[in-house]
Every structure is written in C-alpha cells, then in structure tokens.
Amino acid sequence: PMQCCHKDADMYESYTRQSLPSKEYREILGTAICVFNSNNAFIIENILMCDNNESWYKLMDKTCMPLQEKIRNIISKDSNNKIYDQFKKICEMRNRIVHSFQCTYKNEQILATKDKQNKQFYITKEYLLDFIKKNEQLSDMLHDFRGF
C-alpha cells in the first residue's frame, strides 16, 4: 500500500478512507466513552444493591434520563442528591459528545457540538479530560455510597 507522506498522515487509518482526529484525540475520546460506560454499569450495580425489585436487564437498556430518575428515586433517598447531580451533569456532557459533528479546528479534525440554546462549541481535549475527571469523581461517590 502507498504511504501518505504529507503532514496530515495521522488523519487516516488503513481501515477507513475518512479523515480522522489525531490518534491522541481519539484515544482520549475512547477513554471518555469507556469511563462513562463503566460508571453507568456502576450506577446500575448501586441501584440493584438498594432495590431487589429492579432488573439488571431492564436497567441496562435505560438511557440517561430514565436512569437519572432511578438515581433520584432509589439512590438519593438513601443518601443525598450529589450522585444524581453529578450523573446529570455528566449525561449532558456525554450527549454533547455523542451528538457531535466532525469539523476542522486549528488545521486538525475535531468534534464540535451545540448546546440547547444552539450555541456551538468545540469538543476539545480539555473538554474530554474534564469529562473524564467528572466521571472519576462520580466513581468515587458511587464507591463511597456502596460502602466498599
């Protein structure tokens, strides 16, 4: 296969002809999705710990909003709203990541999105790292709530 010799060579992979963000950006983006998914499962574990009538199979199919209500009705009644508030904030950020579009920013491919007021913004590495940090804080809260 031909090797691309121009400076944008890292925008392409052998498995797609579409241009991509840098490997570092995609690694951080992948990490962001993984930590969110891990916390989502951890929330379900905590809900099941509090309520035997819940079903793992049904909870796994719930999107952010219905899961937030489960947190409010089950976890928050046994503690406070901190887990609910943090998960809600994270879900809003996650939705912006998932419902984003690719664009060029400073001569690089990157994701961009808009908020509910239609204000567009770039999903920078800093945004993704902040999302990862907020997920780590949520994980700590969930560990404390679980008690071990």
Side-chain angles (χ1 to χ4, degrees), residues 1 3-48 50 54-77 79-146:
Q3 293 293 319
C4 186
C5 57
H6 55 81
K7 75 177 188 96
D8 295 330
D10 69 338
M11 289 175 52
Y12 302 96
E13 293 290 349
S14 61
Y15 49 82
T16 184
R17 293 178 307 197
Q18 293 181 280
S19 61
L20 299 168
S22 71
K23 286 184 183 286
E24 178 189 24
Y25 185 89
R26 287 182 281 142
E27 181 179 328
I28 295 169
L29 177 62
T31 300
I33 291 168
C34 288
V35 296
F36 177 84
N37 289 349
S38 176
N39 274 337
N40 205 59
F42 199 10
I43 283 169
I44 290 170
E45 177 186 324
N46 277 278
I47 290 170
L48 292 171
C50 295
E54 291 293 334
S55 161
W56 179 86
Y57 293 95
K58 289 181 181 176
L59 290 171
M60 284 300 294
D61 287 335
K62 294 206 178 296
T63 58
C64 281
M65 289 299 286
L67 210 47
Q68 287 176 35
E69 287 308 308
K70 292 288 183 186
I71 293 169
R72 177 180 279 169
N73 296 332
I74 296 171
I75 292 177
S76 291
K77 81 170 189 185
S79 62
N80 55 45
N81 284 332
K82 287 182 182 176
I83 291 172
Y84 170 82
D85 292 339
Q86 187 76 356
F87 186 67
K88 182 177 181 192
K89 190 181 317 174
I90 288 169
C91 284
E92 290 168 3
M93 292 179 78
R94 175 221 167 250
N95 288 344
R96 299 298 22 109
I97 294 167
V98 172
H99 300 289
S100 62
F101 52 92
Q102 194 165 310
C103 65
T104 304
Y105 172 69
K106 296 184 179 178
N107 292 327
E108 293 186 22
Q109 292 294 298
I110 192 171
L111 298 177
T113 191
K114 66 171 200 63
D115 62 19
K116 301 258 185 197
Q117 291 74 41
N118 293 324
K119 180 179 178 245
Q120 293 184 14
F121 63 93
Y122 296 105
I123 299 176
T124 61
K125 289 179 204 172
E126 292 76 22
Y127 182 92
L128 293 171
L129 291 170
D130 182 50
F131 178 76
I132 291 166
K133 183 178 181 179
K134 283 178 172 46
N135 270 280
E136 187 168 328
Q137 293 165 344
L138 176 60
S139 178
D140 290 346
M141 289 180 206
L142 291 166
H143 273 92
D144 289 345
F145 178 77
R146 184 177 66 176

Practice item. For Glu92 and Lys89, run salt bridge (Lys or Arg N to Asp or Glu O under 4.0 Å): C-alpha distance rounded to whole Å, both residues' side-chain angles, the deciding distance at 0.1 Å, then the answer. Key: CA-CA 5 Å; Glu92 290 168 3; Lys89 190 181 317 174; over 6 Å; no
Point to revise | Step-by-step side chain to side chain contact (heavy atoms under 4.5 Å, CB included) determination, Tyr84 to Ile75 | key: CA-CA 8 Å; Tyr84 170 82; Ile75 292 177; over 6 Å; no
Review point. Please walk me through it: do Cys50 and Phe145 pass side chain to side chain contact (heavy atoms under 4.5 Å, CB included)?
Key: CA-CA 10 Å; Cys50 295; Phe145 178 77; 3.5 Å; yes
Check your understanding: side chain to side chain contact (heavy atoms under 4.5 Å, CB included) between Leu128 and Thr124: does it pass, once the steps are laid out?
Key -> CA-CA 6 Å; Leu128 293 171; Thr124 61; over 6 Å; no
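When all heavy atoms of Ile44 and Leu67 are compared, the pair lying nearest together is CG1-CD1, 4.2 Å. Nearest heavy atoms, Leu59 versus Ile47: CD1-CG2, 3.8 Å. Summarising the geometry of Cys64 relative to Phe36, their closest heavy-atom pair is SG-CZ, 3.7 Å, with the distance given to 0.1 Å. Across all non-hydrogen atoms, the minimal contact from Leu111 to Tyr25 is N-OH, 3.2 Å. Minimum interatomic distance between Pro21 and Gln102 (heavy atoms only, all atoms of both residues): CD-OE1, 3.9 Å. Nearest heavy-atom pair, Ala112 versus Cys103, reported as atom, atom and distance to 0.1 Å: CB-SG, 3.7 Å.
Judged by distance alone, the side chain of Ser38 and the main-chain N or O of Val35 form no donor-acceptor pair under 3.5 Å. The backbone N or O of Phe42 sits less than 3.5 Å from a side-chain atom of Asn46, completing a donor-acceptor pair.
Atom CZ of Phe101 sits in a crowded spot, with more than 12 heavy atoms from other residues, nucleotides or ligands closer than 6.0 Å. Under a cut-off of 6.0 angstrom, the local environment of NZ in Lys82 is sparse, with at most 12 non-hydrogen atoms contributed by other residues, nucleotides or ligands. The 12-atom threshold is exceeded at CD of Glu45, counting heavy atoms of other residues, nucleotides or ligands nearer than 6.0 Å.
Annotation: the span from Asp115 atom CG to Lys119 atom NZ amounts to 6.5 Å, rounded to 0.5 Å. The distance from the CD atom of Glu24 to the CG atom of Leu29 is 12.0 Å, given to the nearest 0.5 Å. Rounding to the nearest 0.5 Å places CD of Gln117 at 8.5 Å from NZ of Lys114. The distance from the CD1 atom of Ile97 to the CD1 atom of Ile90 is 10.5 Å, given to the nearest 0.5 Å. Here the straight-line distance linking atom CG of Asp61 with atom CH2 of Trp56 works out to 8.5 Å at 0.5 Å rounding.
The side-chain hydrogen bond (donor to acceptor under 3.5 Å, both in side chains) test applied to Thr113 returns Arg96, not counting sequence neighbours. Every residue meeting the side-chain hydrogen bond (donor to acceptor under 3.5 Å, both in side chains) condition with Asn81, not counting sequence neighbours, appears here in chain and number order: Ser76.
The distance between the ring centers of Tyr127 and Phe121 falls below 6.0 angstrom.
A side-chain N or O of Gln109 and one of Thr104 form a donor-acceptor pair less than 3.5 Å apart.
With respect to the salt-bridge test (charged N to carboxylate O, under 4.0 angstrom), the residues Lys23 and Glu13 qualify.
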Distance-only donor-acceptor pairs under 3.5 Å for side chains of residues 132-141, two or more places apart:
from: Lys134; atom 1: NZ; to: Asp130; atom 2: OD1; distance (Å): 3.0
from: Lys134; atom 1: NZ; to: Asp130; atom 2: OD2; distance (Å): 2.9
from: Asn135; atom 1: OD1; to: Asn39; atom 2: ND2; distance (Å): 2.9
from: Asn135; atom 1: ND2; to: Phe131; atom 2: O; distance (Å): 3.0
from: Gln137; atom 1: OE1; to: Gln86; atom 2: NE2; distance (Å): 3.2

